[in-house]
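Reviewing the structure listed below.
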Amino acid sequence: MPAVRTQALVLRSIEVFETSLILSLYTRELGKISVLAKGARRLRSPFNSSLDLLSRCDVVLLHKNTESLDLLTEASLVERFDALRQNLSALYAGYYIAELLADLADHAIPHPRLFDAAIVTLRHLDNPELRSRRVMRFELACLAELGHQPALNHCVGCGLIVETSPAPSTIGFGLATGGLLCDTCRPHHPHTTTISIDTLETLRTLSSPGNAWRELPPDLPTLSQTRTTLAAMISHLLGRRPRMHPFLESLPGSTPPQQRSQH
């Protein structure tokens, strides 16, 4: 087994045996992997307390080309994200990012840009006004990198460009197919919902490069429906509601429980 050095984000940790841990890591070069860290729970651990949840580490591991556990041999702390230690809402957002990486990403398929997006997002969760938008931008980046990018300009059924001018008030959106549906195609697709054109424009802004997403007002009414639409898409992909969704309701732009629509 070759030794591999890579950057890693600690997603999950399970205690095993008397002194060891099984860790789920999201790495830049290898993607999501599971490793055995022997002796990680000893008082004088060889890993020097670098394997805390949501820590960014530099690791060396013996990598297997199967889904069996890799063996972690070295780990040193690179970064702890201060916002997660100082603010509960930021910590919940960080746990949600870890859940998406752990449950949506396939084993051992690298996505360096997704790793970088996760690090940047975790690093900047301290601003409460931008926090919800940063989480939604990460959700859209995660969907795009993992092959589930929603179609926001054309119908996913027939491929035709969806005209929004003159603007209708609402448009069909497929949760299973992942994107817009024209009036002709919508009846033939299950698991659809309706979104407003303003929500569509918000999704486009959040998924685009640049800084236009920063200019969206934190109290913009469409942020709530945007949050709900992304939550429904991700829940459909996972086959369940993410465990951290209830804890995101304190973020600006989240949907209060009594207003949350059913899809």
Side-chain angles (χ1 to χ4, degrees), residues 1-127 130-131 134-135 137-139 141-142 145-146 243-244:
M1 292 180 291
V4 178
R5 190 180 204 103
T6 184
Q7 294 276 302
L9 182 67
V10 181
L11 304 180
R12 288 175 180 166
S13 175
I14 301 173
E15 296 181 357
V16 293
F17 310 121
E18 292 185 359
T19 60
S20 301
L21 294 172
I22 291 178
L23 302 165
S24 178
L25 305 178
Y26 197 82
T27 69
R28 198 173 194 279
E29 279 73 28
L30 301 172
K32 183 182 71 176
I33 57 173
S34 296
V35 303
L36 175 63
K38 292 183 177 179
R41 295 165 56 204
R42 292 174 182 161
L43 291 178
R44 296 182 179 180
S45 165
F47 305 113
N48 297 318
S49 302
S50 60
L51 300 177
D52 293 337
L53 192 63
L54 292 175
S55 294
R56 179 187 177 193
C57 310
D58 186 72
V59 301
V60 177
L61 52 91
L62 300 179
H63 180 57
K64 303 176 182 179
N65 293 319
T66 65
E67 292 194 10
S68 56
L69 293 173
D70 296 341
L71 181 62
L72 189 67
T73 59
E74 298 179 33
S76 58
L77 180 67
V78 174
E79 184 175 9
R80 283 196 176 99
F81 303 100
D82 290 340
L84 310 187
R85 300 159 63 89
Q86 299 168 0
N87 184 279
L88 188 59
S89 292
L91 181 62
Y92 288 155
Y95 285 158
Y96 178 58
I97 288 167
E99 182 178 4
L100 290 183
L101 292 173
D103 293 349
L104 278 180
D106 292 322
H107 180 81
I109 298 179
H111 294 278
R113 290 191 299 181
L114 182 56
F115 177 87
D116 294 342
I119 297 301
V120 169
T121 303
L122 291 168
R123 191 179 288 154
H124 294 98
L125 289 174
D126 54 328
N127 187 326
L130 295 179
R131 191 177 295 136
R134 284 193 181 277
V135 170
R137 274 176 66 81
F138 179 77
E139 288 174 308
C142 189
E145 281 295 311
L146 300 178
R243 289 179 291 275
M244 289 306 302

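From a predicted model like this one, the values you see are computed outputs, not experimental measurements. All values below were derived from every heavy atom in this structure, side-chain atoms included, with hydrogens, water molecules and symmetry-related copies excluded.
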Would you say Arg113's side chain and Ala141's backbone share a donor-acceptor pair under 3.5 angstrom? no

Looking only at heavy atoms, which two atoms of Glu99 and Arg12 are closest? And how far apart? CG-NH2, 4.3 Å

Stepwise side-chain contact (heavy atoms from CB on, under 4.5 Å) check, His111 with Leu146: CA-CA 8 Å; His111 294 278; Leu146 300 178; 3.6 Å; yes

Answer whether the closest heavy-atom distance between the side chains of Glu139 and Tyr96 falls below 4.5 Å. yes

Would you give the length of the straight line joining atom CG of Leu9 to atom CG of Leu122, rounded to the nearest 0.5 angstrom? 6.0 Å

To the nearest 0.5 Å, how far apart are CG in Leu23 and CZ in Phe47? 8.5 Å

Just how far is it from atom OG of Ser34 to atom CG of Leu69, taken to the nearest 0.5 Å? 6.0 Å

Rounded distance [0.5 Å steps], OG in Ser13 versus CG in Leu25: 9.5 Å

To the closest 0.5 Å, what do you measure between CG (Asn87) and CG (Asp82)? 12.0 Å

Minimum heavy-atom separation for Cys142 to Leu114, with atom names? CA-CD1, 3.7 Å

Go through it in stages, so that I can follow the logic: the residues are Val4 and Thr27, the test is side-chain contact (heavy atoms from CB on, under 4.5 Å), and I'd like the CA-CA distance, side-chain angles, deciding distance and then a yes or no. CA-CA 11 Å; Val4 178; Thr27 69; over 6 Å; no

CA sep, side-chain torsions, deciding dist, call: Arg56, Ile119, side-chain contact (heavy atoms from CB on, under 4.5 Å): CA-CA 8 Å; Arg56 179 187 177 193; Ile119 297 301; 3.9 Å; yes

Flag the pair Glu74 / Val59 as yes when at least one side-chain heavy-atom distance between them is below 4.5 Å, and no otherwise. no

Taking only Lys NZ, Arg NE, NH1 and NH2, and the carboxylate oxygens of Asp or Glu, determine whether Arg243 and Asp103 approach each other closer than 4.0 Å. yes

For Leu54 versus Leu84, what's the shortest heavy-atom pair and its separation? CD1-CD1, 3.6 Å

Within the side chain of Asp70, is there an N or O that forms a donor-acceptor pair under 3.5 Å with the backbone of Val35? no

Under 3.5 Å, is there a donor-acceptor pair between the side chain of Ser55 and the main chain of Cys57? no

Should Met244 and Ile97 count as side-chain neighbours, where that means a heavy-atom distance under 4.5 Å? no

Take a 6.0 Å sphere around CZ of Arg80 and say whether it holds more than 12 heavy atoms from other residues, nucleotides or ligands. yes

Hey, is the main chain of Val16 close enough, under 3.5 Å, to the side chain of Ser20 for a donor-acceptor pair? no

Between Asp126 and Arg123, what is the shortest heavy-atom contact and its length? OD1-O, 4.3 Å

Of all the heavy-atom pairs spanning Ala105 and Tyr26, show the shortest one and how long it is. CB-CE1, 3.8 Å

Please find the pair of heavy atoms, one from Gly39 and one from Pro46, that lie closest to each other, and give the distance. O-CD, 3.7 Å

Might you work through the side-chain contact (heavy atoms from CB on, under 4.5 Å) test for Leu101 and Lys32, ending with a clear yes or no? CA-CA 8 Å; Leu101 292 173; Lys32 183 182 71 176; over 6 Å; no

CG of Leu125 to CZ of Arg134, rounded to nearest 0.5 Å, is 7.5 Å

